[in-house]
2 protein chains.
Amino acid sequence: MAMKLKSTPQYEARARIAKALAHPSRMLMLDALAQRDLCVCELTELVGADQSTVSKHLAVLRDAGVVEMRRQGAQTVCTLKICCLNKFWECVEAVLRQNLQSQRQAVGR
Amino acid sequence: MAMKLKSTPQYEARARIAKALAHPSRMLMLDALAQRDLCVCELTELVGADQSTVSKHLAVLRDAGVVEMRRQGAQTVCTLKICCLNKFWECVEAVLRQNLQSQRQAVGR
DNA sequence: TGGCCATATGGCCATTATGCCATAAAAAAC
DNA sequence: GTTTTTTATGGCATAATGGCCATATGGCCA
């Protein structure tokens with residue numbers, strides 16, 4: 001074998017983060033937050049779901065350390081704390097496109 | 001506003017991929033597959049779960065386009081199709097460490 | 001203090017994910 | 001051809017997730 005593997009807790013930590021990302025609404029919120037900080041009310045309008053739903057989504061992201069939330073007067077402002085996402089998704093989508101393409105070529109069309 | 005956002009289907013696609021990653025056992029398998037191709041039986045031994053459980057995990061990864069599986073004699077060999085993962089997790093873990101550190105400094109210890 | 005805006009939380013229900021067992025299917029070995 | 005090895009699938013119980021409503025909390029302003 002001789003494979004360098006990590007510890008179970010580390011895989012669990014990674015899985016927790018991946019799980020926090022694993023929802024369309026949270027993806028949208030993260031993409032928006034990559035451009036600028038937004039308060040919960042703005043994100044609620046953006047997502048178009050119930051305010052309580054958005055609040056729970058944000059709690060998921062906060063608990064995973066992906067966003068940070070600070071009180072600013074009456075509202076809560078959210079900041080993206082992980083800058084790695086944009087590059088990652090660009091990479092993933094480029095690779096998936098490539099894979100699809102070579103798959104089509106292999107089939108003959 | 002003037003934010004450049006993507007389409008709902010694109011966020012759904014991203015969320016599907018993130019969801020496919022969102023399990024400790026699948027994280028472990030992906031880390032192993034990043035080092036070399038492995039058959040289902042090897043992955044089953046590595047994960048230490050029931051063979052049917054591992055088979056279902058692999059189906060999740062295959063359906064998401066993250067791994068590819070090809071028959072080789074009696075066994076099925078799995079290949080990682082997304083090379084972006086290692087760099088991504090390194091980035092995430094480095095950023096989280098930094099965030100924890102500056103958080104501690106802000107508190108005063 | 002009273003009232004309003006912005007968020008968070010609890011409750012409830014429907015849907016989905018996970019794990020194992022049992023079993024089917026496919027390929028190699030005998 | 002039967003047996004063995006390797007994967008896949010169906011079934012089922014349990015747990016987790018997501019959504020909304022109702023309601024509590026916190027802060028601002030009159």
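To find a chain, count down the sequence lines: A is the first, B the second, and so on, and within it residues start at 1.
For the contact set between residues 54-70 of chain A and DNA chain D, defined by any heavy atom under 4.0 Å, the members are A:Lys56, A:His57. A heavy-atom distance below 4.0 Å to DNA chain C is reached by these residues of residues 12-24 of chain B, ordered by number: B:Lys19, B:His23.
For the pair A:Asn99 (side chain) and B:Lys81 (backbone), a donor-acceptor distance under 3.5 Å is present. When atom types are taken as modelled, the side chain of A:Thr44 and the backbone of A:Val40 share a donor-acceptor pair closer than 3.5 angstrom.
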(request) Sugar-phosphate atoms are those with a prime plus P, OP1 and OP2; base atoms are the rest. Using that split, label each nucleotide of nucleotides 22-28 of chain D B, S or - for protein heavy atoms under 4.0 Å, 5' to 3'. (result) B----SS
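Checked against the 2.5 Å cut-off, the SG-SG distance between B:Cys83 and A:Cys91 does not fall under it.
Taking 4.5 Å as the limit, every side-chain heavy atom of A:Leu100 sits out of range of all side-chain heavy atoms of A:Leu96. Side-chain atoms of A:Met29 and A:Leu38, non-hydrogen and from C-beta on, never get closer than 4.5 Å to each other. At least one side-chain heavy atom of B:Leu5 sits less than 4.5 Å from a side-chain heavy atom of A:Gln35. Side-chain atoms of B:Leu28 and A:Thr8, non-hydrogen and from C-beta on, never get closer than 4.5 Å to each other.
Residue A:Thr76 is classed as a sugar-phosphate contact, given heavy-atom separations below 4.0 Å to backbone atoms only.
Note on B:Arg36 versus B:Glu42: salt bridge recorded, some NZ/NE/NH1/NH2 to OD/OE distance being below 4.0 Å.
Relative orientation of the B:His23 and B:His57 rings is tilted, given thresholds of 30° and 60° on the angle between their planes.
Taking 4.0 angstrom as the limit, B:Thr53 places none of its side-chain polar atoms (N or O) nearer than this to OP1 or OP2 of C:dT18.
Within the shown strands, C:dT1 is the pairing partner of D:dA30 under the Watson-Crick or G-U definition, both distances less than 3.5 Å.
Listed here is the closest heavy atom pair of A:Trp89 and B:Arg14: CH2-O, 3.2 Å.
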